[in-house]
Amino acid sequence: MRNEFMARAIQLSIENVRSGRGGPFGAVIVAGGRIVAEGANRVTLSNDPTAHAEMEAIRAACRELGNFELSACEMYTSCEPCPMCLGAIYWAHLGAVYFGTSAADAAQSGFDDARIYREIALRPPDRAIPMVSLMREEALEAFRLWQTVPGKTLY
């Protein structure tokens with residue numbers, strides 16, 4: 001059955017390119033042996049750099065299932081997830097991820113994440129995009145308040 005789900009993710013990626021709607025990426029999320037959400041790359045269509053196939057599928061699955069936690073789900077994606085999508089996969093607690101092509105395959109077509117991985121390893125002030133901490137003490141108040149909330153939902 002896994003091949004059926006991967007075939008759908010690949011089909012979404014191919015249809016996306018053929019239709020001109022976006023990049024060559026597709027993803028599906030499966031729960032209980034059925035597809036509960038699909039996503040295709042919509043970055044250029046929606047002018048949203050976060051509209052990757054995996055992100056679109058995660059958003060749709062969360063809406064469909066009424067939950068931000070997807071540990072009972074699996075993702076099938078046409079390509080190895082980028083750093084942003086990988087972060088979202090971990091935040092959503094997906095049970096497993098299956099991918100078709102590799103990050104190296106994507107890089108050969110112009111989708112190279114190596115720069116992002118190098119930047120993540122640097123201290124914030126050393127990154128290509130300056131990242132400067134401001135008003136830390138004032139901002140800590142939100143965390144202090146959060147720690148006092150009884151019965152809060154952790155994620």
Side-chain angles (χ1 to χ4, degrees), residues 5-6 9-10 12-17 19-30 37-65 67-155:
F5 300 136
M6 182 57 76
I10 293 167
L12 287 167
S13 70
I14 292 168
E15 288 173 0
N16 210 43
V17 173
S19 70
R21 290 190 301 258
F25 305 97
V28 299
I29 294 182
V30 175
E38 297 183 340
N41 182 281
R42 297 285 187 264
V43 170
T44 56
L45 184 68
S46 63
N47 290 317
D48 178 354
T50 70
H52 289 198
E54 297 91 339
M55 301 291 282
E56 295 288 298
I58 288 170
R59 290 172 183 143
C62 290
R63 281 191 304 271
E64 174 69 21
L65 299 173
N67 198 338
F68 61 84
E69 202 269 343
L70 302 175
S71 63
C73 300
E74 299 176 331
M75 176 182 282
Y76 295 79
T77 180
S78 63
C79 186
E80 182 178 355
C82 76
M84 175 184 65
C85 294
L86 187 60
I89 287 163
Y90 277 96
W91 280 113
H93 302 280
L94 279 154
V97 176
Y98 303 94
F99 60 90
T101 58
S102 70
D105 296 325
Q108 289 180 346
S109 291
F111 301 96
D112 192 354
D113 299 327
R115 174 183 60 88
I116 298 170
Y117 283 109
R118 285 191 305 272
E119 287 287 311
I120 289 170
L122 297 174
R123 294 177 332 109
D126 297 333
R127 294 179 180 155
I129 297 173
M131 299 191 182
V132 181
S133 178
L134 294 175
M135 299 180 65
R136 179 177 178 270
E137 285 305 315
E138 293 84 349
L140 281 171
E141 182 60 23
F143 289 128
R144 287 185 202 104
L145 286 170
W146 175 253
Q147 291 170 356
T148 68
V149 173
K152 61 184 162 258
T153 301
L154 298 176
Y155 57 96

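Sequential numbering from 1 along the given sequence is applied to the chain's residues. Everything numeric here is computed off the predicted structure, so don't read it as measured data.
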Q: Flag the pair Leu65 / Cys73 as yes when at least one side-chain heavy-atom distance between them is below 4.5 Å, and no otherwise.
A: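 In short, these two side chains touch, coming nearer than 4.5 Å.
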Q. How about Leu145 and Val149: do any of their side-chain heavy atoms sit closer than 4.5 Å?
A.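 When only atoms from C-beta onward are counted, Val149 and Leu145 do not touch, as no gap falls below 4.5 Å.
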Minimal non-hydrogen separation, [X] against [Y], with atom names:
X	Y	result
Leu70	Ala61	CD1-CB, 4.1 Å
Ala9	Ala27	CB-CA, 4.1 Å
Gly23	Asn41	N-OD1, 3.1 Å

Q. Taking the six-membered ring where the residue is Trp, are the ring centres of Phe25 and Phe111 under 6.0 Å apart?
A.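 Ring centroids of Phe25 and Phe111 are less than 6.0 Å from each other.
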Reported [atom1]-to-[atom2] distance for the pair [X] and [Y], which is rounded to 0.5 angstrom:
X	Y	atom1	atom2	value
Asp48	Met55	CG	CE	8.5 Å
Ser71	Leu94	OG	CG	8.5 Å
Gln147	Leu140	CD	CG	9.5 Å
Leu12	Glu56	CG	CD	11.5 Å
Glu74	Met6	CD	CE	10.5 Å

**Q.** Heavy-atom donor-acceptor pair, Ser19 side chain to Asn16 backbone, under 3.5 Å
**A.**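 A pair under 3.5 Å: yes.
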N/O donor-acceptor pairs under 3.5 Å from side chains in residues 77-93, not counting sequence neighbours:
unit_1: Thr77; atom_1: OG1; unit_2: Gly26; atom_2: O; d: 3.4
unit_1: Thr77; atom_1: OG1; unit_2: Glu54; atom_2: OE2; d: 3.0
unit_1: Thr77; atom_1: OG1; unit_2: Cys79; atom_2: O; d: 3.4
unit_1: Ser78; atom_1: OG; unit_2: Gly26; atom_2: N; d: 3.0
unit_1: Ser78; atom_1: OG; unit_2: Gly26; atom_2: O; d: 3.4
unit_1: Glu80; atom_1: OE1; unit_2: Ala103; atom_2: N; d: 2.8

Q: Let me see the working for Ser102 and Asp105 under side-chain hydrogen bond (donor to acceptor under 3.5 Å, both in side chains), right down to the final yes or no.
A: CA-CA 5 Å; Ser102 70; Asp105 296 325; 3.1 Å; yes
Q) Which class fits the ring pair Tyr76 and Phe5: parallel under 30°, tilted 30 to 60°, perpendicular over 60°? A)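 Aromatic pair Tyr76/Phe5 classed tilted.
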Q) What residue pairs, at least two apart or across chains, pass side-chain hydrogen bond (donor to acceptor under 3.5 Å, both in side chains) with a residue in residues 115-131? A)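 Checked against side-chain hydrogen bond (donor to acceptor under 3.5 Å, both in side chains) - neighbours excluded - the pairs reaching residues 115-131 are Arg123-Asp126.
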